[in-house]
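Please read the structure below before turning to the comments.
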Protein chains: 2
Amino acid sequence: MNQVLASDIAVPGNLSTRIYADLQRKLIVGDLRPAENLSIRTLAEEYQVSAMPVREALRQLASEDALIGAAKKAYRVPDLTSEQAADLFFVRAVLEGAAAEIAAERVTDADIKILAKHNVDLESAWEKRHASDFLFANYQFHRHVYSLTGNSALQSMIDALYVRTGPWLAFGITNLVRPDKWMGEHDNIIAALKQRDKAGTRRLMEEDARWGVEVFRELG
Amino acid sequence: MNQVLASDIAVPGNLSTRIYADLQRKLIVGDLRPAENLSIRTLAEEYQVSAMPVREALRQLASEDALIGAAKKAYRVPDLTSEQAADLFFVRAVLEGAAAEIAAERVTDADIKILAKHNVDLESAWEKRHASDFLFANYQFHRHVYSLTGNSALQSMIDALYVRTGPWLAFGITNLVRPDKWMGEHDNIIAALKQRDKAGTRRLMEEDARWGVEVFRELG
DNA sequence: TATTGCAAACTGTGATCACAGAATATAGAT
DNA sequence: ATCTATATTCTGTGATCACAGTTTGCAATA
């Protein structure tokens, strides 16, 4: 059962917000699969709440195109076309590239240690072929970089992109053919950050985002 | 009274979506002022619907930070700090700059005629000091440019930025000291598009977005 | 056995009510 | 006249119900 709503733990906000956050996380790490249906009443029972908070959470995710919602039809996780996926990764490259340039100015040694740890988690998850752990570590790594900008508007917009690409990436990496040439990318980013190399960090971050498109091309 | 919900006109979607779209437009053109309160029940009466669709629209706008919502307190239009405004215009410059570069590759002569018309509307609205017409024409101009990318994810993200900066810009331009040096920017963008100058269009578009920050600095 | 049609189950949407906390206005005291 | 305490009004939130369109499954027919 879901622990998200345990009321003894101090959680911010109302029920809708908590359910929204939980579903958002599940989308990012690929716990929800493309074309999967989400029913208000079913989720309400799982979360042990009424339909009210769930419908608001689902509507909110649908408004961000993290879910597809049509009248009188069940909400479902989008199954992206190649063009849609490419569009999302393009925006991610633009935003994360700009963020990385700023991050290179502000990064501290403590930040680099944290990034290195996330990278260890990433490779550990890859060894175990654990898709959700892998995606979560990847998200944590990237998020730490663009959070260094201190620009909350920028952060939430990039977050929204990870929510939308999560389900598709989870499918993609489990069928990945050649991950080797990409696995060292994060190390290169850390190295560029260490040198406070703005242009280099930006270029590497843009490349890393573009990797998502590569995955897609391999799968056809 | 609001005509948005006239049911004889074929409108897409449900009540929540229509109310959301109407409020979104009002935010973009500055019909809603910073720190203004929005009550679910009051709006429900204005739109002649129950509270249900309104609360979903407001919640959705709050989730995009287009409105501020706290438990048991009225929703209200955000009153941006200088840092928050600068952050928003930074993201706008990044996204619109990247979009403009692509637009310069795809722009047609028909597009340029449309852009020129929006620019005429813009200057006409300025002569009359009509803030909402001015902001709407400005939005139309920019939107036409970044819609040329065909990237819907990119478009909706930029749209969200106009929603958030609208109320603040509406206040800003009415108190604007020196608009002259900025009024020709759009003409320069059109000229760069005519020449299919990717780098130039991008640079000019980034500058134009940065103008929003300038406005703020003038006002203190 | 395959196909068609109908009924039952399931879907989101909108309306309405109860509730608790926040804001406001009013009346009382100093 | 000013400050304070209290009552009233207003706020979003959650739950529950009715409704109509969609999907699904089962049974009857060819």
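Hydrogens, waters and symmetry mates are skipped; everything else that's a heavy atom, side chains included, is used. Chain naming here is simple, since letters A, B, ... match the order of the sequence lines and numbering starts at 1 in each.
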Rounding to a whole Å, what distance do you find between [X]:[atom1] and [N]:[atom2]?
{"X": "L38(B)", "N": "dC10(D)", "atom1": "CG", "atom2": "P", "result": "17 Å"}
{"X": "Q60(B)", "N": "dG12(D)", "atom1": "CD", "atom2": "P", "result": "17 Å"}
{"X": "R41(A)", "N": "dT23(D)", "atom1": "CZ", "atom2": "P", "result": "16 Å"}
{"X": "I40(B)", "N": "dA15(C)", "atom1": "CD1", "atom2": "P", "result": "13 Å"}
{"X": "I19(A)", "N": "dA15(D)", "atom1": "CD1", "atom2": "P", "result": "9 Å"}
{"X": "E56(A)", "N": "dT13(C)", "atom1": "CD", "atom2": "C1'", "result": "13 Å"}
{"X": "L67(A)", "N": "dG12(C)", "atom1": "CG", "atom2": "P", "result": "11 Å"}
{"X": "M52(B)", "N": "dA18(D)", "atom1": "CE", "atom2": "C1'", "result": "14 Å"}

So, under a plain 3.5 Å distance rule, would you say the side chain of R55(A) forms a donor-acceptor pair with the base of dG14(D)?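 By the distance-only test, no, there is no pair.
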Lys/Arg N to Asp/Glu carboxylate O, R202(A) vs E206(A), below 4.0 Å: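 Result for this pair is yes, salt bridge flagged.
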Heavy-atom side-chain proximity of Y75(B) to I68(B) below 4.5 angstrom: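 No, too far: nothing below the 4.5 Å cut-off.
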Residue whose nearest DNA chain D nucleotide is more 5′ - P53(A) or K73(A):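 Going by which nucleotide is closer to the 5' end, it is P53(A).
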Measuring from the side chain of [X] (C-beta onward, heavy atoms only), which nucleotide among [options] has the closest atom?
{"X": "A74(A)", "options": "dT13(C), dG12(C), dT11(D)", "result": "dG12(C)"}
{"X": "Y75(B)", "options": "dG14(C), dG12(D), dG14(D)", "result": "dG12(D)"}
{"X": "K72(B)", "options": "dA20(C), dG14(D), dT11(C)", "result": "dA20(C)"}

Quick one: is [N] close enough that its OP1 or OP2 comes under 4.0 Å of any side-chain N or O from [X]?
{"X": "S50(A)", "N": "dT16(D)", "value": "no"}
{"X": "S16(A)", "N": "dG14(D)", "value": "yes"}
{"X": "R59(B)", "N": "dT13(D)", "value": "yes"}

Can you list every pair that meets side chain to side chain donor-acceptor pair (under 3.5 Å) and has a residue in residues 146-157 of chain B, with sequence neighbours left out?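 Qualifying pairs: Y146(B)-D159(B).
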Nearest 0.5 angstrom please: I189(A) CD1 to H186(A) NE2, how far?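 Reported value, rounded in 0.5 Å steps: 5.0 Å.
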Would you give the length of the straight line joining atom CD of E56(B) to atom CZ of R55(A), rounded to the nearest 0.5 angstrom?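 Answer for the CD-CZ pair, E56(B) versus R55(A), is 5.0 Å.
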